[in-house]
Every structure is written in structure tokens, then in C-alpha cells.
Amino acid sequence: MVSFADTMAESSNRAALAFRNAIDLLGCDGVIETSASLASAYIRFDPVALSHVEIHRQVEQILREKNWYQEPLPAGRRLWRVPTVYGGKLAPQFDEAAAAAGLSPSEAIKRLGESRVRVLTIGFAPGQPYLGPLGPEFDIPRLKELTPMLPEGALVLAISQFVLFSRPTPTGWRHVGQTAFRCFRPEAEQSFALRPGDEMEFPPISRAELDNIRETNDGSGGATCEEIPS
Amino acid sequence: MSLLVHQIGPACTIQDRGRTGYLDQGLSRSGAADQLALHEGAALLGQNPECAALEMAGMGGTFEATQQASIALTGAPMQASIDGAPVVWNASHSMEAGQKLTIGVAKQGNYGYLNVGGGIDVPLILGSRSAHLTANVGRAVQVGDRLPVGPYSGSTGMKLRPDDRFSGGNLRVLASFQTPLFDAETLDRFTDTAFRRGARANRMGMQLESDGEGFAAKGQLNILSEVITPGDIQMTGTGNPFILLPECQTTGGYPRIATVLPCDLSRAAQTPSGGQIQFTFVSMDEAITLHSTYLSDLTRLRARVEPLVRDPHDIADLLSYQLISGMISATE
């Protein structure tokens, strides 16, 4: 694992994504798979085929090539707009999240609905994005008690980040919105919707609109997707 | 050819060696919890260890062969019989069309495996036949399912003496990047402690219990989530270790004290509730040597297979066999 920071920062996330791509491009024999988390790149290799000494040497050589914190985001990124119901019965922890951020419910919907966040990493569950950063007013702590089970498509908030749940999940994050977007569709040809570096917005809709979207039942949740010019 | 499921335990899934290459998309490997058992099944049937088998957690079921079938039973030993006649575990057997194989509860360990000549031939999903229930990939096998079986031309009637790995024991571990977050006293106490496997265990992970205080790391609650992997030993908020297994999540924020070597993960997964576990740190060089030995032992399993010699006492229909044939007269 190559770690670029021990706290989350925009530049270290970019560094992790870019460095992981560089390792992939190297196509090293013995590397089994790679991944990027919030601030580090992970390299899984076969220690019999590729010694620790050798992978160390190669990794350090690539690390020295450039200032990874100044690398651009990956190419081929997309902007997703996913219609979201904030608050009400579908997202019952919205009001307390707004209060914790010191905002009225309507102001919180406005700010969250206009926030453009980036897929910082995908993990924990299949296809599930960690999204950020949200404004500093949303740097609210996780709950002490776990909420037993939130549904797929739940938009949850803590520490200036969203997570969009790909599976029913117990969590300590606050359930602020509900979407019909499926991040992971194992039956589909493209099983995973999102890629690290993609951007997302969650414009507010009514519950009736979400019910309409659900009737189409194609997993897209009424989302739009467009290329971000690099 | 298929196996028709008449009865089935609550946690039986089709498993192979697991899925590689989707870690970056949040999908962990899955695959058999006891990979050694999968290789033993393949060795007994003389086939490729990539074949999928039925993993049976705690108890099996009843399976009818729709045509002649070849099977091998490996992993946690379970009561097994074909049409009521007991059959040996860690061995391969033949089933005629219409015969029923009944597999009961585990006598030792957790995960038993029903391997089939030709492998269980369900469609590949993202490169593997392994169910991953926490990720909603595949599902548990249910009554009425027909498990499709691939083509097979090998023979049966072989046995293999398994490694005893069904009652806990010593697990060898490697220090990892978060090990230094634990101070020397905590690490010493960790290796001196006799842990018991707790009641909370599934294919995601298994909790360990011990007497005395928990094992805390410095700055335990402020650790950034990082990639986690089967074998990692996470310390939860209460300071109880969890050994992560094939369906673990792909990232986690609990600190990891060490990682169990792949060669000892089958033993970890097979440790029954209440079974004792202790940890021993090995150096990176020792770990690589142990790992290489493990891999070459897997490839040599086939050479250790021997004919299953049946005890005449166990043969219920002994008198129906043609025991003497090809007699010739000494005077001719």
C-alpha cells in the first residue's frame, strides 16, 4: 500500500488515483490487482512471482517520477445527476442532519441539491461511492448508534461526505436522501455504474416523482450522465 | 446431468476459487472459505481446482443424481450416505441415476464441500461461479434447485488423508502497515492470549473472544478507511479481534493488528464456535517460504490420493458381489 496522507484531502485523493493508474500502466508481471482508496493506492501481488524487493524498487522509482499531488484527475470522467428525495419518511434523519449543520431544512436541501461532489473512492460494498467534499457546514460526526438497516439507493451523510448505498446496509451515517439509483447491477453487462473521479449531483425531487421513476425499474433511478471534457 | 436438491441447509452456496479484479469496485473475492478443501476435492476427482463445488456451512442436504454422477466430499467432516449406506468423507464416490446422497451436520469444523466430477456448472458472473451473498451476487441454494454438472470422464473410489484443521490451533500471522499502531505490550499480550472463536461468524468474518481487556490501538477512532483483505485481523471498537474471510468488505477503518497467512486461512475459517486460536508472528521471509510450500503442496495433492479400500464389514450387500472370478482348473 502506498499512502499519500493519513487524513482525507483533495490532493492526496488525486495522487492516489493517478499513482494507481501509473502502476496499472506498468503492467508488471506478478501484480494481481490494484485499487485506490481515499488517500492511498493498494497493490496486490504474488510474492512468489514478484519479490518484495523488486516491487519496492519499481514503486519507489515511479513515486520519484513526479509530484503526484499535482496530477490531474483521470480522463473519461462523467457527471451524473441523480434525482433525490430529501427528508420525509424516505429519509428520516434529514432534519437532524440539517440541524447539526446549523441550517433550516429548506436551506439544507438547497445546498445539498446544488453540491457537486466527486467519487473519491469506491468500496466497502460493490460499486458504492464515497463522495465529497461537501461544504464545511456538513462536517457532522457519525452517529454513535448504528441505524439497523437502510435500503439500497439511500444517500447518507457524515464528515462532509455522502455515501450512496449499493446494498441494504446498517450504518452510523445519517440518512438524508433516497434515490432509485443502483450502483451495482450484477445482472447487467456493465455491472458497475461509477468510476473513481466521476462527479455527481443530487437534485431534489418529490416523493411522487421518485415513485414514477421507480416504475421504469431499469436501475438508473432517472439519472442523467454526461462526459466531463478533460 | 444435474443434482436435484431435495433438502438443503440454510447456508449452502456454490463456490470456486473466487473473483479477482473487482477490489477497486468494492467487490471482494468471495470463493470457498476453505480453499484447501476445494483443491482436495479436485485432486480426488482428478480435475482442475477451478471447478466450482457446493460449500455447506454447518449442514448439508439431500441430493439426487439425475444421471450417473461422481462426487467427492471434503472439508469439515459430515455424516454422509448414499441411499442410506454410509460413505467415507475425504473420498470420491460414484452415484447411479436416481440415487440420493444425504449429508448431515458437521462433526468437526464448519464448512463441508460437495465436489462433483465436471464441477457445478452455473454461469460465470464477473469471472467466477462463487456466490457472494453480502454483495447480492448469486443466492443460497434452495430446495428444488438443479445444480448443473459439467462433462466428466474420470473415475472415483479414491481417498485422501486431510490436514487436520477443524478444531482451531495456531495461526501464523504477518505484521502489516497498522501493526505499529499497537504498542509492544499489547502485541505481546496478543500473541500470549488463547482466543476462542465467538458466536458471531459468517463468510464475512469471525469474531474472537478472550478473557481480560481488549486490544486497542493508538488513535483507534481516527483511522482513514483503507483497503482490507481476507486474513486481516481487525480490532473493533470493543478491542475484540475479527479475522476477515472471503466475503469481507473491501475497505475498513478499524485498525488491523496483523494478517493471517493464506496457508492458515482454511484452519481459521474451519475453527468451530468455542474452538481455541493462538497467533504467532512470522517474518516476511518465513511467510514467503510458508506460502511457497503451501502452493506446491496444493499442486502435489493429486499424488497423495490413494485407492479407497473398502472394509468388507462396511459393505451391506457383500454377498451380491461376484467375489471369485476367472477360476481355472489346475489339471487342465
Side-chain angles (χ1 to χ4, degrees), chain A residues 1-9 12 16-17 20-21 24 32-44 46-49 51-53 120-130 141-142 144 152 159 161 163 166-169 172 182-187 191-196, chain B residues 18-30 123-128 131-139 174 176-178 181 204 219 221-231 237 247-253 256 261-262 283-285 287-296:
Chain A
M1 203 181 75
V2 182
S3 186
F4 291 91
D6 52 15
T7 56
M8 173 58 207
S12 37
L17 292 178
R20 184 252 171 146
N21 280 344
D24 281 354
I32 299 169
E33 65 182 325
T34 65
S35 183
S37 59
L38 289 171
S40 49
Y42 174 85
I43 306 163
R44 180 176 160 221
D46 172 358
V48 179
S51 72
H52 279 75
V53 173
L120 301 169
T121 186
I122 291 176
F124 196 73
Q128 180 166 296
Y130 286 70
R142 298 177 185 90
K144 288 207 180 77
E152 181 179 2
I159 51 172
Q161 287 175 28
V163 173
S166 71
R167 290 278 299 137
T169 309
R182 293 181 62 208
C183 303
F184 179 48
R185 304 165 203 170
E187 70 288 354
S191 294
F192 302 98
L194 304 169
R195 294 197 287 260
Chain B
R19 223 169 245 109
T20 297
Y22 299 96
L23 179 67
D24 65 334
Q25 281 289 355
L27 181 59
S28 59
R29 285 177 235 171
S30 191
L124 291 166
I125 298 176
L126 300 169
S128 163
H132 189 316
L133 298 188
T134 46
N136 203 22
V137 174
R139 61 167 174 78
L174 195 57
S176 71
F177 75 108
Q178 286 171 333
L181 296 176
M204 295 175 74
L221 296 175
N222 299 312
I223 291 171
L224 203 60
S225 280
E226 293 288 2
V227 168
I228 54 179
T229 176
E247 280 187 30
C248 66
Q249 280 130 354
T250 59
T251 56
R256 281 160 274 169
L261 298 190
S283 70
M284 181 64 81
D285 285 346
I288 303 287
T289 305
L290 287 164
H291 186 60
S292 303
T293 306
Y294 168 66
L295 294 180
S296 56

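So you know, we letter chains A, B, ... as the sequences are listed, proteins then strands, and number each from 1. Since this is a predicted model, take the numbers as computed values, not measurements.
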Query raised in the report: Given the options A/Arg195, A/Gln128, A/Glu187, A/Arg44, which has more heavy-atom pairs under 4.5 Å with chain B than any of the others?
Result: A/Arg44

Report task. Could you tell me which portion of B/Leu23 (side chain, backbone, both or neither) has an atom closer than 4.5 angstrom to a non-hydrogen atom of chain A? Result -> both

**Report entry** Atom pair OH (A/Tyr130) and OG (B/Ser225), whose distance is rounded to the nearest 0.5 Å
**Finding:** 5.0 Å

Requested in this report: Would you mind checking which part of A/Ser3 comes under 4.5 Å of any heavy atom in chain B, side chain (CB onward), backbone (N, CA, C, O), both or neither?
Outcome: side chain

Query raised in the report: What are the two closest non-hydrogen atoms of B/Leu27 and A/Phe184, and how far apart are they?
Result: CD2-CZ, 4.4 Å

Query raised in the report: What residues, two or more places apart in sequence or in another chain, satisfy side chain to side chain donor-acceptor pair (under 3.5 Å) together with B/Arg256?
Result: B/Gln178, B/Asp232

Query raised in the report: chain A: which of B/His132, B/Met284, B/His291 shares the most heavy-atom pairs with it under 4.5 Å?
Result: B/Met284

**Report entry** Check: B/Gly21 main-chain N/O paired with A/Glu33 side-chain donor or acceptor under 3.5 Å
**Finding:** yes

Query - Contacting moiety of B/Ile228, where chain A heavy atoms sit under 4.5 Å - result: neither

Query - pair A/Ser191-B/Leu126: side-chain heavy atoms closer than 4.5 Å - result: yes

Query raised in the report: Any idea which heavy atoms bring B/Phe177 and A/Met1 closest together, and the distance?
Result: CE1-CE, 3.2 Å

Query raised in the report: If every non-hydrogen atom of A/Pro126 is compared with every non-hydrogen atom of B/Ala135, which pair is closest and at what distance?
Result: CG-CB, 3.5 Å

Requested in this report: Quick one: closest heavy-atom pair of B/Asn136 and A/Pro186, and the distance?
Outcome: O-CG, 3.7 Å

Query raised in the report: What pairs with B/Asp24 under side chain to side chain donor-acceptor pair (under 3.5 Å), at least two apart in sequence or on another chain?
Result: A/Arg20

Query raised in the report: Hey, does the side chain of B/Gln25 reach the backbone of A/Leu194 with a donor-acceptor pair shorter than 3.5 angstrom?
Result: yes

Query raised in the report: chain A heavy atoms under 4.5 Å from B/Thr134: which part of the residue, side chain, backbone, both or neither?
Result: backbone

Query raised in the report: Going from CZ on B/Arg29 to CD1 on A/Ile32, what distance comes out if it is rounded to the nearest 0.5 angstrom?
Result: 7.5 Å

**Report entry** A/Tyr42, part contacting chain B, at a heavy-atom distance under 4.5 Å
**Finding:** side chain

